[in-house]
Amino acid sequence: MIDPHREIVLIRASETGPFEDKTWEVSGYERQASRFVITFKNNRKPYTYRLGRVRILRDPRRMVIPDEAKVEVSGSIWQGATEVVTFTDADESRSRVFYRKQNGENYRTYPASQVRILTSATHASDAADVLNYWRSVAFSLGDDDPLRQPYDELGFVHPDSALSTFLVAAPIKSRPPAAAPIFPFRCNLSQRQAVENGLTNSISVIEGPPGTGKTETILNLIANIIAVRHETVGVVSFGNAAVDNVREKLDELGFGHMIANLGRRGKRAVFFTGQLSRNSQVRQFVASAPDPPDPERLADVDGRLRRLQDAERSRAELRQLLDAYSLEWRHFEQHLMRDEVPQLTGRSLLRRSSDRILDYLVDSEMERAGVRPGLVRRIRKYFRYGSLRDLDPDDTRVVLRLQQAFYNKRISELQIEVERVESQLRRGNFNKLADDQQKLSIQMLHAELGARYRNLACTTYNEETYKLGTKFSEFAEDYPLLLSTCHSLRRSMAPGYLLDYLIIDESSQVDVVLAGLAMSACRNLIVVGDQKQLSPIPSEVPTRLVPPSPAYDCKNNLLASLSELYGDRLPRVLLREHYRCDPSIIGFCNEKFYEGKLIPYTMSGRKRPMIVVRTVEGNHMRQHRGGGRSNQREIDVIASEVIPTVCPGVESTNIGVTTPYRLQASKASDVLDQSEADTIHRFQGRQKEVVIFTTVLDETWRGRTGLSFVDDPRMINVAVSRAVQQFILVTNKDMLPASRHISDLVGYIRYHNPGEEVVDSAVISMFDLLYGEYSERLRPLAARLRKELKYKSEDIIWTGLHDILAEPLYMHLTARSQVLLRNLLPDVSRLNPEQQAYVQHRASVDFVVFNRVTKQSLLAIEVDGFAFHENNPDQLRRDALKNDILGIYQMPLLRLPTTGSGEDQRIREALNNAEEHGARLSML
């Protein structure tokens, strides 16, 4: 008898056919000269074969499978494999996989290249510690928790999986692009970069703030993975909404037949019962498949569009800057109403560009600091600025007039630049070019999928058997896109099978323990999410369960864990272009949470896109015995005042009311007609034309106990960014002055509605853009002209101040240098004649710290050199004047003598006190 552990009999059915393993059927063989005589078990008569049709392989290499290892055959894990025997000669290499069955041992034979023996990633102790911790967390959540069974079954972690990389913090692998990407769904510069980043790294992150086109980016990734790389991909999220959105978009474009929608049991049932209809669609799809587009034409269109996308982004940035300057000008105009500034009629400087006007202000500031220009420099000044005769740069009113001219010039220049870029886009036929690229990309996708399905049989799969053996590999070839939830993904696939790519959407909602299950099912991972939006509410976990390191803490979402684990080594792209909200609405989120990195592509719609509505005096919040809070007065205001008067003509179904509290949402639903009311957590991922945010809290002691929950920055970010055209904040009369983020929201709305709200502030808003450009010019010029100036001591404080403002607690603050004292004061009517004269003599403050969201000036900082201040009676008198003036207008002042110490701590204490002081003043 043939011993299958010792030899293998390969026989060709024809002279040119492939060798097939017949060992199981052969009872004996004999070689006679140039022939083989084979005896088969079921035939008495032997068969004779030419020598070239038979190959006998002997002397195998045997490998017994240890407990921590598995056998992979053609990408599928064999759960019951016990041994692999590999036979090799000069021309052939075959592996025989032995496995257990109910009736004993059996085997199958494959080309050796298709068989691998894999050791679990948990063989490494660090990885095992993390997995054991997660398993303990899952088991602590209760017998009915959906994580318990999957973690009970997750003993083997494929060494090629993304989970293996994550567990041992292995380096993220990069690779060159396979080919030029296609974009069947329109894209912008950030989305293009995100697609390329995802395709060329084993783990990557796409940060998608609200309204930046995350779904289109995911769809373009899918198209490239399937049609360009010819690989498989899964898309999962915590719930079904995100993946359903992907399915609907692909269905609309005619590519739904490549999707296996395998989430919960009901979805799987619908999928398998719909295969006959789907297979009919595939046949029609193949019949209508076009030839692929000319690669040169596709590359030409893509290259021209790429250049115009630069211009498109430039236009959006210019519009954003123009809106900001226009708003700042409106505030400056109100500021100037209290002063009589000279017209400076006929001055050639006023006919110069805004840059020239600003350069003059910087030059004159340097001269006041002690830099005296020589003859050559005076001649150069004449040609740069024209005649400066009788122009007194020490006169504050002259400086104000030049600042006014700067704004007028800058706004005019920006308007001209916007028109220039728009003209460039029109000449380049930008919209047609974008349509052409999309059509060519769709053609490419259709052609590639047509070629795929032309070579595949329209198989009808059975829900009970599609995962058995190597069947799932065939299934994945037929359905290269798998949609599921994080909970259901592993149950939807053959054990041990790895998708080539997995995209986890809404990752801020996916905790790392749940993500671990999904990561175990893929080779490459693309994480899409936004750390600035709400995370899942963590489950209660026993304190005895301690993570091996902070990156693997079960309370983290996946994006936070990856950031903790890899830091700056994590390949990530921020989607910057925003398409949803009115620019003013997303502007708050941008300044408050995204460090000004977003670029609105939308245009202003409503006259007042953001409004604060205050209830009348009184404590209207109620704490309920059964838990929860409500505020009936805020609901009454919404129903009887806000919707009828602020939202006239808006359909009820286009209005959303959101709140941090479930009870408030329920009460609002009972009162409002068809307006949708829900908690902020449940509103995440949705949008409405108008969003009304009811805070519920009041100024009672009990009301303040809820402030940390309501004032969560992610909560505020989600609430505001749900509004497309208008956001309305309904809150108590005092507007929660003890809050931090809601207070900034109120301040931002006030700043964006100058003259429409009564704001009797002691200190006016900072002219951020003006002083931003002024500071940029002033510092390098000071260093270039005279290094021994007093600016050396200021530079030390300036550097330390910026280090402090980069800390998370102070990231909403920023600072400007050499701010005109008059630009901080609403008027000079409170000052005596001496103080007024001092202010009008171009008195300035070394640094001003302000809230970059509300533009509220918070703290003035003066750097006092010993020789120039403490040892100079005249300067001490001027310092006293400045102290008195700022005190009259309740502007906090921090003086830092160069002979002192502990400046960092003093600055932090002054900032904390100034914020509390500013919050009280802003709510007056």
Side-chain angles (χ1 to χ4, degrees), residues 188-191 193-194 197 205-214 313-314 316-321 323-325 327-328 508 528-535 559-560 562-564 567-568 570-581 583-602 610 711-721 740-745 747-749 751-752 765-766 768-769 771-773 775-776 798-799 801-816 848-856 858 911 915:
N188 55 46
L189 292 179
S190 297
Q191 292 168 333
Q193 184 185 359
N197 199 51
V205 167
I206 300 172
E207 295 180 273
T212 53
K214 290 179 294 185
R313 175 184 280 184
S314 177
E317 290 175 322
L318 287 167
R319 284 173 173 169
Q320 184 181 22
L321 197 56
D323 288 344
Y325 265 111
L327 178 60
E328 192 165 300
S508 66
V528 184
D530 181 9
Q531 278 289 79
K532 309 297 185 181
Q533 296 193 57
L534 289 167
S535 294
L559 192 51
L562 285 170
S563 299
E564 175 74 28
D568 293 339
L570 181 63
R572 62 202 310 161
V573 172
L574 173 71
L575 300 182
R576 299 182 61 200
E577 294 85 347
H578 176 87
Y579 297 95
R580 177 194 296 163
C581 309
S584 295
I585 296 173
I586 197 59
F588 168 76
C589 303
N590 192 18
E591 292 296 329
K592 179 69 179 173
F593 306 113
Y594 299 104
E595 300 176 16
K597 294 179 180 177
L598 303 187
I599 307 170
Y601 275 47
T602 53
M610 302 187 80
D711 201 39
D712 184 300
R714 294 168 298 178
M715 189 98 73
I716 306 304
N717 185 28
V718 171
V720 174
S721 61
R740 175 176 170 184
H741 306 292
I742 292 176
S743 177
D744 279 355
L745 176 59
Y748 177 89
I749 295 173
Y751 180 75
H752 278 252
S765 301
M766 170 57 64
D768 182 21
L769 296 170
Y771 280 101
E773 293 203 37
S775 296
E776 285 178 11
W798 186 241
T799 302
L801 178 60
H802 274 74
D803 289 342
I804 292 170
L805 297 183
E807 296 171 4
L809 184 62
Y810 304 111
M811 286 185 69
H812 62 297
L813 306 179
T814 189
R816 299 298 182 215
V848 173
V849 179
F850 65 99
N851 186 313
R852 59 183 170 81
V853 181
T854 67
K855 311 303 180 188
Q856 181 186 8
L858 297 175
L911 287 174
E915 285 221 83

Discussion item. For a side chain to side chain contact (heavy atoms under 4.5 Å, CB included) check, start with the C-alpha distance between Ile804 and Leu813, then their side-chain angles and the critical distance, and finish with the verdict.
Written reply: CA-CA 10 Å; Ile804 292 170; Leu813 306 179; over 6 Å; no
Does one side chain, of [X] or [Y], offer a donor that lies under 3.5 Å from an acceptor on the other?
X	Y	result
Thr212	Arg580	no
Tyr579	Asn188	yes
His812	Glu915	yes

Atom [atom1] of [X] and atom [atom2] of [Y]: how far apart are they, to the nearest 0.5 Å?
X	Y	atom1	atom2	value
Asp712	Leu534	CG	CG	6.5 Å
Phe593	Asn717	CZ	CG	5.0 Å
Ser721	Ile716	OG	CD1	11.0 Å
Ser190	Glu577	OG	CD	3.5 Å
Thr602	Gln320	OG1	CD	9.5 Å
Leu911	Glu807	CG	CD	9.5 Å

Is the shortest side-chain heavy-atom distance between [X] and [Y] below 4.5 Å?
X	Y	result
Pro209	Leu574	yes
Tyr594	Pro210	yes
Met766	Tyr771	yes
Asn197	Arg572	no
Leu769	Leu321	yes
His578	Asn590	no
Leu809	Arg740	yes

Please confirm whether the backbone N or O of [Y] pairs with a side-chain atom of [X], one donor and one acceptor, at under 3.5 Å?
X	Y	result
Ser765	Gln856	no
Gln533	Met715	no
Tyr748	Cys589	no
Glu207	Leu575	no

Item to complete: Would you please test Ser535 and Arg714 for side-chain hydrogen bond (donor to acceptor under 3.5 Å, both in side chains) and show each step?
Response: CA-CA 8 Å; Ser535 294; Arg714 294 168 298 178; 3.3 Å; yes
Worksheet item: Between Pro600 and Ile586, which heavy-atom pair has the shortest distance, and what is it?
Response: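 Scanning both residues completely, I find the closest heavy atoms to be CG-CG2, 3.9 Å.
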Discussion item. Exactly one of Lys592, Arg852, Lys855 should register a salt bridge (charged side-chain N to carboxylate O under 4.0 Å, His left out) with Asp744. Which one does?
Written reply: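 That would be Lys592; it is the only one of Lys592, Arg852, Lys855 passing the salt bridge (charged side-chain N to carboxylate O under 4.0 Å, His left out) with Asp744.
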Worksheet item: Hey, is Lys532 close enough to Asp530 for a salt bridge, meaning N to O under 4.0 Å?
Response: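 The answer is no: the pair does not qualify as a salt bridge.
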Practice prompt. Give the C-alpha distance, both sets of side-chain angles, the deciding distance and a yes or no for side chain to side chain contact (heavy atoms under 4.5 Å, CB included) between Val848 and Arg816.
Written response: CA-CA 5 Å; Val848 173; Arg816 299 298 182 215; 5.5 Å; no
Fill in: side chain to side chain contact (heavy atoms under 4.5 Å, CB included) assessment of Thr814 paired with Val849
CA-CA 6 Å; Thr814 189; Val849 179; over 6 Å; no
Worksheet item: Among Gln193, Gln191, Glu317, whose side-chain contact (heavy atoms from CB on, under 4.5 Å) with Arg576 holds?
Response: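 Answer after filtering Gln193, Gln191, Glu317: Glu317.
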Discussion item. Side chain to side chain contact (heavy atoms under 4.5 Å, CB included), that's the test. Do Tyr751 and Leu327 meet it? Break it down for me.
Written reply: CA-CA 9 Å; Tyr751 180 75; Leu327 178 60; 3.5 Å; yes
